[in-house]
J.: 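Could you have a look at this structure, given as structure tokens, before my questions?
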Amino acid sequence: MNIIFGRDQAALLGKTYTVLELDTIRIAKDGPEITAFCVVDSIPILQMHKVTEMEELHQNLLVEYRKQNWNYCNQALEHLVGFWGQDMDTFYENLKARIDEFEHNEPGPEWNGIIEKIVQ
């Protein structure tokens, strides 16, 4: 998986490549948020007609994930897994595992989807 960081880099590469948002991470308690993106290497020619639709579904998945709309997320994942290839499938499997956990242990109203990785 080709991962890049930052919205500016994603916008720049997005002019030439398909770039999909992954996660937003905060490394220090009050530190800046850093968003990771995947640059998709290749899309099978027979799937090209669905790229825009699947990009929108991927983006909506992240919006609904942050809203804690687990039902929407589970349905979106059914369509997204397998479309972009194995690299994105690993991300989707990880996201599905988080959703499964949140369905049993709600993250609470203050949760915003940002992954906190506090370095000691």
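Values in this document were obtained by computation on a predicted structure and should not be read as measured data.
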J.: How far apart are the closest heavy atoms of C73 and I99, and which atoms are they?
T.: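 That closest heavy-atom pairing would be CB-CD1, 3.5 Å.
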J.: Using 0.5 Å steps for rounding, measure from the CD1 atom of I3 to the CD atom of Q9.
T.: 14.0 Å
J.: Same hydrophobic cluster for F91 and F5, using side-chain heavy-atom links shorter than 4.5 Å among ILVMFWY?
T.: yes
J.: In Å and rounded to the nearest 0.5 Å, what is the OG1 to CZ distance from T35 to R26?
T.: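 T35 atom OG1 to R26 atom CZ measures 10.5 Å (nearest 0.5 Å).
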J.: Which heavy-atom pair separates D89 from G82 by the least distance, and what is that distance?
T.: OD1-N, 2.7 Å
J.: I'd like to check R66 versus T24 (side-chain heavy atoms, cut-off strictly below 4.5 Å). Are they in contact?
T.: yes
J.: Please check: side-chain N/O of N94 versus main-chain N/O of T90, any donor-acceptor pairing under 3.5 Å?
T.: no
J.: Any salt bridge linking R98 with D23? Criterion: basic side-chain nitrogen under 4.0 Å from a carboxylate oxygen.
T.: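 Salt bridge: yes.
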J.: Just so I know, are the side chains of L22 and M88 near enough to count as touching, which here means a heavy-atom distance under 4.5 Å?
T.: yes
J.: Are V63 and W70 grouped together when hydrophobic residues (ILVMFWY) are joined by side-chain heavy atoms under 4.5 angstrom apart?
T.: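 Different clusters.
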J.: State the CG-CD distance between N105 and E103, to the nearest 0.5 angstrom.
T.: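 Here the rounded value is 11.0 Å.
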J.: Shortest non-hydrogen contact from L80 to M54?
T.: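 Distance-wise, the nearest heavy atoms are CD2-O, 3.7 Å.
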J.: Find the distance between CG (L95) and CG (D100) and round it off to the nearest 0.5 Å.
T.: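 Atom-to-atom, L95:CG and D100:CG are 10.0 Å apart.
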J.: Please verify the inter-ring angle class for W111 with Y65; under 30° counts as parallel, over 60° as perpendicular, anything in between as tilted.
T.: perpendicular
J.: If every non-hydrogen atom of E21 is compared with every non-hydrogen atom of L62, which pair is closest and at what distance?
T.: O-CD1, 3.4 Å
J.: Is there a side-chain contact between E53 and F83, using heavy atoms and a 4.5 Å cut-off?
T.: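 Contact flag for E53/F83 side chains = no.
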J.: Donor-acceptor pair, distance only, cut-off 3.5 Å: does the side chain of Q68 make one with the backbone of G108?
T.: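 Checking the backbone N and O of G108 against the side chain of Q68, a donor-acceptor pair under 3.5 Å is found.
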J.: Measuring from atom CD of E33 to atom CD of E116, what distance do you get when rounded to the nearest 0.5 angstrom?
T.: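 Reported value, rounded in 0.5 Å steps: 8.0 Å.
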J.: Supply the atom-to-atom distance H58 NE2 to L77 CG, rounded to the nearest 0.5 angstrom.
T.: 10.0 Å
J.: Could you work out the complete set of other residues in the hydrophobic cluster of Y17, with links drawn between I, L, V, M, F, W and Y side chains under 4.5 Å apart?
T.: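 Via sub-4.5 Å side-chain contacts, Y17 links to I4, L13, V19, F37, V39.
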J.: Decide side-chain contact (heavy atoms from CB on, under 4.5 Å) for Y92 and W84; before the verdict, give the C-alpha distance in whole Å, the side-chain angles of both, and the deciding distance to 0.1 Å.
T.: CA-CA 10 Å; Y92 293 139; W84 303 107; 3.3 Å; yes
J.: With the 4.5 Å side-chain cut-off for hydrophobic clustering, are V81 and Y72 part of the same group?
T.: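 Yes, V81 connects to Y72 through the hydrophobic network.
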J.: Run the side-chain contact (heavy atoms from CB on, under 4.5 Å) test on N74 and K96 for me, step by step, so that the C-alpha distance in whole Å, both residues' side-chain angles and the decisive distance to 0.1 Å come before the verdict.
T.: CA-CA 7 Å; N74 285 319; K96 174 70 171 131; 2.8 Å; yes
J.: Are the side chains of V40 and V51 in contact, using a 4.5 Å heavy-atom criterion?
T.: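 No - every pair of side-chain heavy atoms lies 4.5 Å or more apart.
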